[in-house]
Amino acid sequence: MDREEAKLLLSVYRPNGKDAEDSDMQRAFSIMEKDPELEAWFRQELAMDQAISSKLDEFPVDESVKVSVLTGGKLIEPPIWWQQPVWLAAAAVLLFSIGLFFLGQFGTQVAQPVLAEFRNDTTGLIRVGFDLDMQSKTLGEIETWLMNQDAPSLGGADIPLAELSTMGCKTFEWKGRPVTLICFHGNGNDVVHLFVMDLKNEGLKHLPINNETVLAVVRDLHTATWQQDDKAYLMVGHTPQTRVTPYL
């Protein structure tokens, strides 16, 4: 085993130590012990993996999803890929990289956006927190600001939330599509968030178009989604205790 082969193995080492007893991994460790530069690179990789893992752990996983995954199919123990010839491993890495490139270049242009993805990503934003791009207690001021930014706005849509006082708004892109988030003061101490996305004749897959409202609990947050005037609306309660039905 040479230095490059050792580095390839070390790049897939799991921080939980499950690979430490593998014979090939131990050979890679032996080479690393004699190479200070390789060891410094490996320590940096470990720190990055641990940081990413800790961030992923902040997102709660619905227990029902975990159960369905564990019971939904036959579990097969795959062979450890690095025990295959090195050239096969290198080819796999190359093909994976090419796949990521083309997904980044063309994925948002080919795949129709899915309602479940939209709800999952936006409720994740509420969970981790965010900064408002513009703050105002008046919806009219927010709408004017959004129009100047060429961002999606309510545009006079008949939505009960429009009667409530506002906190501000945020604009961002989701799968290459502009999205607006407007935050409202609800009843009592309630805070309700409304995401607005222009559909532009593309639609959200699995979102009914016959004025039906889809209710769901995502990441423990209550949500309501509907389509009106070529726009998709997603209402999200700020906490698990915040119900959205009073604002529909």
Side-chain angles (χ1 to χ4, degrees), residues 15 47-66 104 108 113-154 157 159-198 204 207 213-226 231-248:
M48 184 180 299
D49 288 344
Q50 290 168 349
I52 293 174
S53 296
S54 64
K55 285 296 182 183
L56 292 176
D57 288 340
E58 294 177 3
F59 290 89
V61 178
D62 189 337
E63 190 65 24
S64 62
V65 175
K66 179 179 179 181
T108 59
V114 180
L115 171 60
E117 292 180 310
F118 187 51
R119 285 191 309 223
N120 188 67
D121 293 347
T122 49
T123 53
L125 176 65
I126 302 300
R127 276 297 198 179
V128 301
F130 56 91
D131 295 323
L132 293 172
D133 296 332
M134 183 266 192
Q135 298 184 31
S136 173
K137 297 181 180 180
T138 305
L139 181 58
E141 292 181 355
I142 291 177
E143 289 283 275
T144 300
W145 186 86
L146 290 172
M147 286 188 288
N148 291 335
Q149 303 296 317
D150 197 25
S153 63
L154 297 186
I159 298 176
L161 275 180
E163 304 299 323
L164 301 177
S165 62
T166 56
M167 303 169 64
C169 66
K170 178 180 182 63
T171 61
F172 61 97
E173 283 197 355
W174 180 76
K175 295 186 178 295
R177 296 165 173 81
V179 178
T180 290
L181 166 60
I182 307 176
C183 304
F184 295 85
H185 281 295
N187 301 324
N189 295 322
D190 280 355
V191 173
V192 183
H193 306 284
L194 183 67
F195 293 89
V196 185
M197 179 172 63
D198 290 325
L204 271 175
L207 173 63
T213 300
V214 181
L215 300 176
V217 177
V218 184
R219 299 185 187 274
D220 293 330
L221 300 178
H222 292 269
T223 73
T225 319
W226 69 96
K231 293 184 180 181
Y233 297 92
L234 170 61
M235 190 188 306
V236 184
H238 186 69
T239 69
Q241 292 75 37
T242 306
R243 305 279 178 169
V244 296
T245 48
Y247 308 104
L248 293 174

Report task. May I ask you to test the K231-S153 pair for a side-chain heavy-atom distance under 4.5 Å? Result -> yes
Requested in this report: Could you tell me which residues satisfy ring-ring contact (aromatic ring centres under 6.0 Å, His included) with F118, sequence neighbours excluded, listed by chain and number?
Outcome: W174
Report task. Supply the atom-to-atom distance L125 CG to K170 NZ, rounded to the nearest 0.5 angstrom. Result -> 7.0 Å
Requested in this report: Determine, stepwise, if the pair V244 / L221 fulfils side-chain contact (heavy atoms from CB on, under 4.5 Å).
Outcome: CA-CA 9 Å; V244 296; L221 300 178; over 6 Å; no
**Report entry** Main-chain N/O of R219 paired with T123 side-chain donor or acceptor, under 3.5 Å
**Finding:** no
Query raised in the report: Does the side chain of L115 reach to within under 4.5 Å of the side chain of T225, using non-hydrogen atoms?
Result: yes
Requested in this report: Output the distance between atom CE (M235) and atom OH (Y247), rounded to the nearest 0.5 Å.
Outcome: 9.5 Å
Query raised in the report: Does the side chain of W145 come within less than 4.5 Å of C169's, by heavy atoms?
Result: yes
Query - Over all atoms of both residues, closest heavy-atom pair of G186 and L164 - result: CA-CD1, 4.1 Å
Query raised in the report: Does CG in N148 sit with more than 12 non-hydrogen atoms of other residues, nucleotides or ligands closer than 6.0 Å?
Result: yes
Query raised in the report: Under 4.5 Å between any side-chain heavy atoms of L154 and T180, yes or no?
Result: no
Query - Point-to-point distance, once rounded to the nearest 0.5 Å, from CG of L139 to CG of L161 - result: 9.5 Å
Query raised in the report: Nearest 0.5 Å, what's the CG-CZ distance between N187 and R243?
Result: 14.0 Å
Query raised in the report: Which pair of heavy atoms, one from L207 and one from A232, lies closest together, and at what distance?
Result: CD2-CB, 4.0 Å
Requested in this report: Kindly indicate, with the supporting measurements, whether the criterion side-chain contact (heavy atoms from CB on, under 4.5 Å) is fulfilled by F172 and D133.
Outcome: CA-CA 10 Å; F172 61 97; D133 296 332; over 6 Å; no
Query raised in the report: Do L146 and T171 come close enough that some side-chain heavy atom pair is under 4.5 Å?
Result: yes
Query raised in the report: Hey, is the main chain of T138 close enough, under 3.5 Å, to the side chain of S136 for a donor-acceptor pair?
Result: yes
Query raised in the report: With a 4.5 Å limit on heavy-atom distance, are the side chains of H222 and T242 in contact?
Result: no
**Report entry** V214 and R119: CA distance, side-chain angles, deciding distance, side-chain contact (heavy atoms from CB on, under 4.5 Å) verdict
**Finding:** CA-CA 11 Å; V214 181; R119 285 191 309 223; 3.6 Å; yes
Query raised in the report: Any side-chain heavy atom of W226 within less than 4.5 Å of one from L234?
Result: no
Query raised in the report: Between atom OG1 of T122 and atom CE of M197, what is the distance when rounded to the nearest 0.5 Å?
Result: 9.5 Å
Report task. Would you name the heavy atoms of P152 and P178 that are closest together and state the gap between them? Result -> CG-O, 3.5 Å
Report task. Taking the side chain as every heavy atom from C-beta outward, state whether E163 and P160 have any atom pair closer than 4.5 Å. Result -> no
Query - Charged N-O contact under 4.0 Å between D220 and R127 - result: yes
Query - Trace of the side-chain contact (heavy atoms from CB on, under 4.5 Å) decision for I182 with F195 - result: CA-CA 6 Å; I182 307 176; F195 293 89; over 6 Å; no
**Report entry** Spacing of CD1 belonging to I126 relative to NE2 belonging to H193, to within rounding of 0.5 Å
**Finding:** 4.0 Å
